Amino acid sequence: MRVLMLGAPGSGKGTQGVRIAERYNVPHISTGELLRAHVKDGTKLGRVAKVHMDRGDLVPDVLIYAIILDQLIEPEPPRGYVLDGFPRTLPQAQIAYEVAKEMDMTFDAVLCLDIPHDELMRRLEERGRGSGRADDQEATIRHRIEVYEEKTLPLLDYYKERGILVRIDAVGGVDEVTQRIFDALDRL
Ligand code: AP5
């Protein structure tokens, strides 16, 4: 199973990505989590990435390629994966396709979690009160949503044209959304 999670900030990519990975016994590879680990460890990459993440902007592509290629190639390519947070721009999608094609690892499905703005704001503001994630402040959340709409939404057409886009209604309880995803994946 090779799945890409797409969706606005707070749509549930991480929450659902972990569950899909468990069910299909493949790694959950989240660029957001990998970046936050670099920030926590105080690496050079993490220090540069933090400036962009705290503003709610995307981290420069070159840093993303460095961390993602590391995961997909070393020590050996995983049989399958749930990719969460990469690719999220058209140039990243084109590179991802070239690399995946080369390794015979192209996506089986791209799951897009659909959810209205007010629910995203509610979920992320609530998490921001507890988690201390620097990008879960109201103004930064709004900016992250704008960045998603400008840079990531165009990927939906890209994957729709390739016939692998699956849209999931992501409103409702976590278990309910998981069931919709499993039903959709079982139909593939
Ligand atoms: P990333 O970590 O990918 O953040 P994001 O896309 O903003 O997504 P979130 O993690 O906020 O939300 P999610 O959709 O995973 O939802 P979650 O399951 O957490 O990226 C962070 C930053 O890293 C980016 O802004 C960028 O700077 C950088 N970056 C990452 N990848 C990059 C790339 N490829 N290129 C450039 N830069 C990159 O759920 C959210 C909350 O809602 C949680 O509290 C959860 O418990 C709750 N929740 C989930 N589902 C439900 C439900 N059904 N009902 C109620 N609550 C729910």
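First listed ligand is number 1; within each ligand, the first listed atom is number 1. Because the structure is a prediction, the values reported are computed rather than measured.
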*Closest approach of Thr140 and Asp54, non-hydrogen atoms and distance?*
CG2-O, 3.5 Å
_Distance under 4.0 Å to a non-hydrogen atom of Val174: what atoms of ligand 1 satisfy this?_
50 (N), 51 (C), 52 (C), 53 (N)
*Considering only heavy atoms, does Ala8 approach ligand 1 within less than 4.0 Å through its side chain, its backbone, both, or neither?*
backbone
*Considering only heavy atoms of Gly32, which atoms of ligand 1 have at least one such atom less than 4.0 Å away?*
1 (P), 2 (O), 20 (O), 30 (C)
*Among all protein heavy atoms, pick out the one at the shortest distance from atom 48 (N) of ligand 1; state its residue, atom name and that distance to 0.1 Å.*
Arg123 CD, 3.9 Å
*Look only at interatomic distance and state if Arg36 has a nitrogen or oxygen under 3.5 Å from any nitrogen or oxygen of ligand 1.*
yes
*May I ask you to decide whether Glu126 forms a salt bridge with Arg122, counting only side-chain N to carboxylate O separations under 4.0 Å?*
yes
*If you measure from each heavy atom of Val171 to ligand 1, is any distance below 4.0 Å?*
no
*Can you list the ligand 1 atoms lying under 4.0 Å from a non-hydrogen atom of Gly14?*
13 (P), 15 (O), 18 (O)
_Using heavy-atom distances only, which candidate in Glu176, Lys50, Arg133, Lys151 approaches atom 4 (O) of ligand 1 most closely?_
Arg133
*Of the non-hydrogen atoms in Ile115 and Gly10, which two are nearest, and what is the gap between them?*
CD1-O, 4.4 Å
*Between the side chains of Thr178 and Arg19, is a donor N or O closer than 3.5 angstrom to an acceptor N or O?*
yes
*asked:* When you compare ligand 1 with Phe86, is there at least one nitrogen or oxygen pair between them that comes in under 3.5 angstrom?
replied: no
*Can you pull the salt bridge (Lys or Arg N to Asp or Glu O under 4.0 Å) pairs that have at least one residue in residues 27-45, sequence neighbours excluded?*
none
*CA sep, side-chain torsions, deciding dist, call: Arg142, Glu138, salt bridge (charged side-chain N to carboxylate O under 4.0 Å, His left out)*: CA-CA 6 Å; Arg142 288 193 193 285; Glu138 186 182 342; 3.0 Å; yes
*In ligand 1, which numbered atoms sit nearer than 4.0 Å to a non-hydrogen atom of Gln92?*
33 (C), 34 (N), 35 (N), 36 (C)
*Look at atom 3 (O) of ligand 1 and find which of Glu126, Arg88, Lys13 reaches it with the closest heavy atom.*
Arg88
_With respect to Thr31, determine whether any N or O atom, backbone or side chain, lies less than 3.5 Å from an N or O atom of ligand 1._
yes
*Ion pair check, Asp135 and Arg127, cut-off under 4.0 Å*: no
_Candidate pair His117 and Glu149, rule side chain to side chain donor-acceptor pair (under 3.5 Å), full reasoning_ = CA-CA 11 Å; His117 279 196; Glu149 291 182 343; 2.7 Å; yes
*ligand 1 versus Met53, non-hydrogen atoms closer than 4.0 Å: side chain, backbone, both, neither?*
both
*Distance under 6.0 Å and angle within 45° of the ring axis: does Arg88 meet both against Tyr148?*
no
_If the cut-off is 4.0 Å to any non-hydrogen atom of Gly173, which atoms of ligand 1 fall inside it?_
53 (N)
*Nearest-neighbour protein heavy atom for atom 18 (O) of ligand 1, which is reported as residue plus atom name and distance*: Thr15 OG1, 2.5 Å
*Any N or O of Gly85 closer than 3.5 Å to N or O of ligand 1*: yes
*Has Asn25 got more than 12 heavy atoms of other residues, nucleotides or ligands less than 6.0 Å from its CG?*
no
*With heavy atoms only and a cut-off of under 4.0 Å, state how Leu35 meets ligand 1: side chain, backbone, both or neither.*
side chain
*Is Leu90 reachable from Leu58 through a run of hydrophobic residues whose side-chain heavy atoms are each under 4.5 Å from the next?*
no
*Identify whether the distance between the nearest side-chain nitrogen and carboxylate oxygen of Arg180 and Asp175 falls below 4.0 Å.*
no
*Please write down residue, atom name and distance for the protein heavy atom closest to atom 44 (O) of ligand 1.*
Arg127 CD, 3.5 Å
_Derivation of the salt bridge (charged side-chain N to carboxylate O under 4.0 Å, His left out) call for Lys13 and Asp84_ = CA-CA 6 Å; Lys13 302 182 295 297; Asp84 166 2; 5.1 Å; no
*Under 3.5 Å, N or O to N or O, is Asp136 touching ligand 1 that way?*
no
_Structural part of Asp61 in contact with ligand 1, heavy atom criterion under 4.0 angstrom_ = neither
*Would you check whether Ser11 reaches within less than 4.0 Å of ligand 1, judged by its heavy atoms?*
yes
*Of the non-hydrogen atoms in Phe86 and Leu83, which two are nearest, and what is the gap between them?*
O-CD1, 3.5 Å
_salt bridge (charged side-chain N to carboxylate O under 4.0 Å, His left out) between Arg144 and Asp136, worked out_ = CA-CA 9 Å; Arg144 284 161 61 202; Asp136 279 344; 2.8 Å; yes
_Any Met5 side-chain heavy atom under 4.5 Å of Ile20 side chain_ = yes
*List every atom of ligand 1 that sits less than 4.0 Å from any heavy atom of Asp57, numbering the atoms from 1 in the order shown and giving each element.*
26 (C), 27 (O)
*Does atom CG of Asp183 have more than 12 heavy-atom neighbours from other groups under 6.0 Å away?*
yes
*Any idea which part of Ile64 is under 4.0 Å from ligand 1, heavy-atom wise: side chain, backbone, both or neither?*
side chain
*asked:* Considering non-hydrogen atoms of the protein only, which is the closest contact for atom 16 (O) of ligand 1, and what is the distance?
replied: Gly12 N, 3.1 Å
*How close does the nearest protein non-hydrogen atom get to atom 7 (O) of ligand 1, and which residue and atom is it?*
Arg144 NH2, 2.7 Å
*What part of His52, side chain, backbone, both or neither, has a heavy atom within less than 4.0 angstrom of ligand 1?*
neither
*Starting from atom 53 (N) of ligand 1, find the nearest protein heavy-atom neighbour and note its residue, name and distance.*
Gly172 O, 2.8 Å
*Looking only at distances, please establish whether an N/O atom of ligand 1 is found under 3.5 Å from an N/O atom of Gly10.*
yes
*When you measure from atom 37 (N) of ligand 1 to every protein heavy atom, which one gives the shortest distance, and what is it?*
Val59 N, 3.0 Å
